[in-house]
Structures are given as C-alpha cells and as structure tokens.
Amino acid sequence: MGCVVVWSVSLLIGVTAVAAAVAGTVARRRSRRPRPPSGLDAEVEANQWLVRLGAGLGPPDPRAWAGAGEDTARALARAAECHRAARARLAQARTAAEYAEVTRTARRGLDQLHKARRGLEGEAEQGRGGGGEKTSRRTATLHRAATTDRA
C-alpha cells in the first residue's frame, strides 16, 4: 500500500508540473501578441490627429486662401468640416472604436487639406507663369510640416 501512495503522489506532482509548464508557455505566447490599443491610447492618437488638422487649417498666407480657385476652396471647406465633425465626435467618444472614428475623420480632413495646399501651389505657379520656385519650395516645406507623421 505504501508503494501505491508514493506512486500516486509522484503522478500528481508530475501532472501538476506539466500543467504549470503548459500554462507558462501559453502565457508567454499571449504576452508577445500585439494588443489592440487601449481606450486611452486611442484617445491620445485621436487628439494628436485632430490637433494636426487644426494647425494645418491656419493658412500660411490668408490672402492665398482668399484668392483660391473653386476646387481648392472646396477642399479647404471639406477639411474644415472634417475638423468640426472630428471635434464633435471626440467630445462624445468613450470607446477605442469611437476614438478610431475620430482619427479616421481627422485623417480624411488632412487629406483634403493636402489637396487644398497642392491646389494653392499649382495656382501660385500658374499666376507667376510657372516661375514660382521660391514659393513652390516654401509651400513644399509647409506641406511637409503638415504631413509629417508622428514617430
């Protein structure tokens, strides 16, 4: 009978050790998987994109926007509308999915803003007979500053 008890205890210890090893392996693999962003991470990202869009809406030269062509003005209006919509959504967002929608809206606005800036650049070059190299360089620098992704 003593042999049976020793054998049972040994078997129980062995099974427990195998179960612990399997649980440890599973836990390690799960910790390596990329996790979806938390609500706080998503909120921070949404805020960053919204601030970037808002900063880009401030024209480098208000007179350039005033004399903009119809397509450029429409793109600028759509960018401003995206900014307004993203701001309103951000005020009500509570989940990571809602913050992701704010981010998408702000990025759509940035796309429209880039379109408007490209339109301004083209109009400036046409107004100068294509010789606006200095203006083109300045506009390209402004465009790069507005489009630089965060690290």
Side-chain angles (χ1 to χ4, degrees), residues 12-151:
L12 184 62
I13 291 173
V15 168
T16 304
V18 169
V22 168
T25 302
V26 168
R28 263 185 293 156
R29 285 186 181 170
R30 283 190 180 171
S31 69
R32 291 181 191 160
R33 287 186 198 159
R35 294 181 182 154
S38 71
L40 185 58
D41 291 337
E43 181 181 6
V44 168
E45 183 177 3
N47 269 305
Q48 288 174 340
W49 285 105
L50 187 58
V51 166
R52 184 176 289 161
L53 174 58
L57 287 172
D61 180 9
R63 291 172 294 183
W65 289 121
E70 191 175 323
D71 289 341
T72 301
R74 242 185 269 132
L76 180 60
R78 284 191 296 263
E81 176 59 25
C82 285
H83 183 260
R84 187 205 59 75
R87 229 179 41 217
R89 286 181 180 153
L90 182 62
Q92 297 177 354
R94 297 290 175 261
T95 66
E98 290 170 335
Y99 289 121
E101 182 58 33
V102 172
T103 299
R104 280 190 293 276
T105 303
R107 292 183 81 167
R108 256 194 320 268
L110 278 171
D111 290 342
Q112 291 300 315
L113 184 60
H114 298 160
K115 185 177 181 180
R117 288 189 185 272
R118 283 191 306 270
L120 276 180
E121 182 179 329
E123 291 167 9
E125 287 179 4
Q126 286 176 354
R128 291 181 174 77
E133 184 180 322
K134 185 175 182 180
T135 301
S136 177
R137 237 181 302 137
R138 189 183 89 224
T139 305
T141 301
L142 290 171
H143 179 72
R144 263 194 312 279
T147 60
T148 302
D149 286 335
R150 63 184 170 89

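Note that OG1 of Thr72 is 9.0 Å distant from NZ of Lys115, once rounded to the nearest 0.5 Å. Within the model, atoms CG of Asp41 and OH of Tyr99 stand 11.5 Å from one another, a figure rounded to the nearest 0.5 Å. Distance CG/Leu90 to CG/Asn47: 5.0 Å, rounded to 0.5 Å. Within the model, atoms NE2 of His83 and CZ of Arg52 stand 13.0 Å from one another, a figure rounded to the nearest 0.5 Å. With rounding to the nearest 0.5 Å, the separation of CZ in Arg107 from CG in Leu53 is 12.0 Å.
In plain terms, the two heavy atoms of Ala86 and Leu50 that are nearest each other are CB-CD1, 3.6 Å. Between Gly109 and Ala79 the shortest heavy-atom distance is O-CB, 3.4 Å.
Taking 4.0 Å as the cut-off between side-chain N and carboxylate O, Arg108 and Asp111 do not count as a salt-bridged pair. The pair Glu121-Arg118 does not meet the salt-bridge criterion, since no charged nitrogen lies less than 4.0 angstrom from a carboxylate oxygen. In summary, Arg74 and Glu70 engage in a salt bridge, as defined by a charged side-chain N under 4.0 Å from a carboxylate O.
At least one donor-acceptor pair closer than 3.5 Å links the side chain of His114 to the backbone N or O of Leu110.
Shown are Arg87, Arg89, Glu81; of these, the side chain to side chain donor-acceptor pair (under 3.5 Å) with Thr105 is made only by Arg89.
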